[in-house]
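Accompanying notes for the structure given below.
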There are 2 protein chains.
Amino acid sequence: MKLITRDTDYAIRALNYIVCNEGRTVSITEMVRELKTPKPFLRKILQLLGINGILKSYKGKNGGFMLAREPDKIFLLDLMKIFQGQFKISECIFKKDTCPNQQYCLLRTELESIEKMVLEKISAITLKSLKKN
Amino acid sequence: MKLITRDTDYAIRALNYIVCNEGRTVSITEMVRELKTPKPFLRKILQLLGINGILKSYKGKNGGFMLAREPDKIFLLDLMKIFQGQFKISECIFKKDTCPNQQYCLLRTELESIEKMVLEKISAITLKSLKKN
DNA sequence: TTATAATGATACATTAGTTGTGTCATTTGT
DNA sequence: ACAAATGACACAACTAATGTATCATTATAA
Ligand code: FES
Ligand code: FES
């Protein structure tokens, strides 16, 4: 019953650190020092953020990462999609196959309604809106 | 990102079937026929429902299960607690240990707010309210 | 121009949670 | 006594989450 997994969380922390150091590249080595996350894991995460157009990456000495978009254009939902797949909490069971129980399913309507509600709320959250003042 | 696991779902289906046959004991053998769930798995689930006071069980020939409370006193939240543990979606990371990141955590407030919202909505759901008319 | 510090790509390993199965004991009605 | 049910509980398989490791490539600085 976890809405946010660890990679998404690490991603947010890393992005936040990058925001706080805008204007220069930030390396993984530096972030590991600061965020105390396992280095190879963080590497994988940042690479994915690069591939998905959240970060720009620079190879070579003094390389590192910078934001590829403004913080108010980076949505929590984007990150969740990258690391956890499409947001969905209403799939009772039988993910792929069309559920044989569907027409009798007592829960589906309720879950869909909850999902909609959460989605609405969560859609508003961006890296910028998360930032502490 | 699953709000309801399979055992909770099976539990609901089984309970619903029992409700539809109130006044007599319903055996696992019968429910398996009807619900097409794996028998040993359903047994485990029903046993847990018994232990947790949702069902009364009767051993021996012609034995089986009956509701231990009225359908409007059986909350979805009860079932989720039995099969999935205490409802909580705001624990970012580090379940047990007090989170070292807590004071800097950008997400916690947001998640707690979402959790509260969902909890409110989900608290209203009972076996009775789920029943199709 | 070479050593070094960075990311790219990608495969593998570990752990925890979900989803089951199987076995023997006990109870109860016929 | 037998058969049909649950009780207790250990074990197994599968999947998802979390984390590691390795080699290749690129860019800077000495
Ligand atoms: S169990 Fe498939 S739609 Fe509910
Ligand atoms: S990461 Fe621990 S409170 Fe948010």
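Every chain is numbered from 1, with letters handed out A, B, ... down the list of sequences. Nothing here was measured: the structure is a model prediction, and the numbers come from that model.
- With hydrogens and angles ignored, the 3.5 Å screen pairs a side-chain donor or acceptor of B:S123 with a backbone N or O of B:L119.
- Here side chain to side chain donor-acceptor pair (under 3.5 Å) pairs that include residues 53-64 of chain A, with residues two or more places apart or in two chains, number zero.
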What is the per-nucleotide protein-contact pattern of nucleotides 24-29 of chain D, from the 5' end, where B denotes a base atom under 4.0 Å from a protein heavy atom, S denotes such proximity for sugar-phosphate atoms only, and - denotes neither?
-> -BBBBS
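- Note on B:K44: a base of the nucleic acid sits closer than 4.0 angstrom, heavy atoms only.
- With A:M1 as the fixed residue, the side-chain contact (heavy atoms from CB on, under 4.5 Å) test singles out one of B:M80, B:E115, B:Q86: B:M80.
- In this entry the distance linking CE of A:M66 with C1' of C:dT7 reads 16 Å, nearest Å.
- Atom CG in A:L42 sits roughly 16 Å away from atom P in D:dA21 (whole-Å rounding).
- Within the 4.0 angstrom heavy-atom criterion, no nucleotide atom of any strand lies near A:L46.
- For the pair B:Y10 and C:dG20, the criterion of a side-chain N or O lying under 4.0 Å from OP1 or OP2 is met.
- Nucleotide C:dA16 holds its P atom 10 Å from the CZ atom of A:R6, rounded to whole Å.
- Among the heavy atoms of the strands lying under 4.0 Å from A:T29 are primed sugar atoms or P, OP1, OP2 only; no base atom is included.
- Put simply, the residue from B:D9, B:L49, B:I4 that forms a side-chain contact (heavy atoms from CB on, under 4.5 Å) with B:L79 is B:L49.
- A:D78 places no side-chain N or O within donor-acceptor distance of the main-chain N or O of A:I74, the cut-off being under 3.5 Å.
- Taking atom CG of residue A:D7 and atom P of nucleotide D:dG19, one finds them 9 Å apart after rounding to whole Å.
- For the pair B:F83 CZ and C:dG20 P, the computed distance is 13 Å after rounding to whole Å.
- In this structure, CD of B:Q84 is placed 13 Å from C1' of C:dT19, rounded to the nearest angstrom.
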Quick one: do A:I18 and A:M31 satisfy side-chain contact (heavy atoms from CB on, under 4.5 Å)? Show the steps, please.
-> CA-CA 9 Å; A:I18 292 171; A:M31 281 188 256; 4.0 Å; yes
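- If you check every strand for non-hydrogen atoms under 4.0 Å, B:P40 touches a base.
- Of all the heavy atoms in A:L55 and A:L15, the pair that sits closest is CD2-CD2, 3.6 Å.
- Atoms NZ (B:K56) and P (C:dT27) sit 20 Å apart, rounded to a whole Å.
- Heavy-atom distances to DNA chain C give each of A:G63 and A:I51 a nearest nucleotide, and the one nearer the 5′ end belongs to A:G63.
- Atom-to-atom, NZ of B:K2 to C1' of C:dT19 comes out at 9 Å; the value is rounded to the nearest Å.
- Taking side-chain N and O atoms only, A:S57 has a distance below 4.0 Å to OP1 or OP2 of C:dG8.
- The A:F65 side chain lies nearest to C:dG8 when the options are D:dT20, C:dG20, C:dG8.
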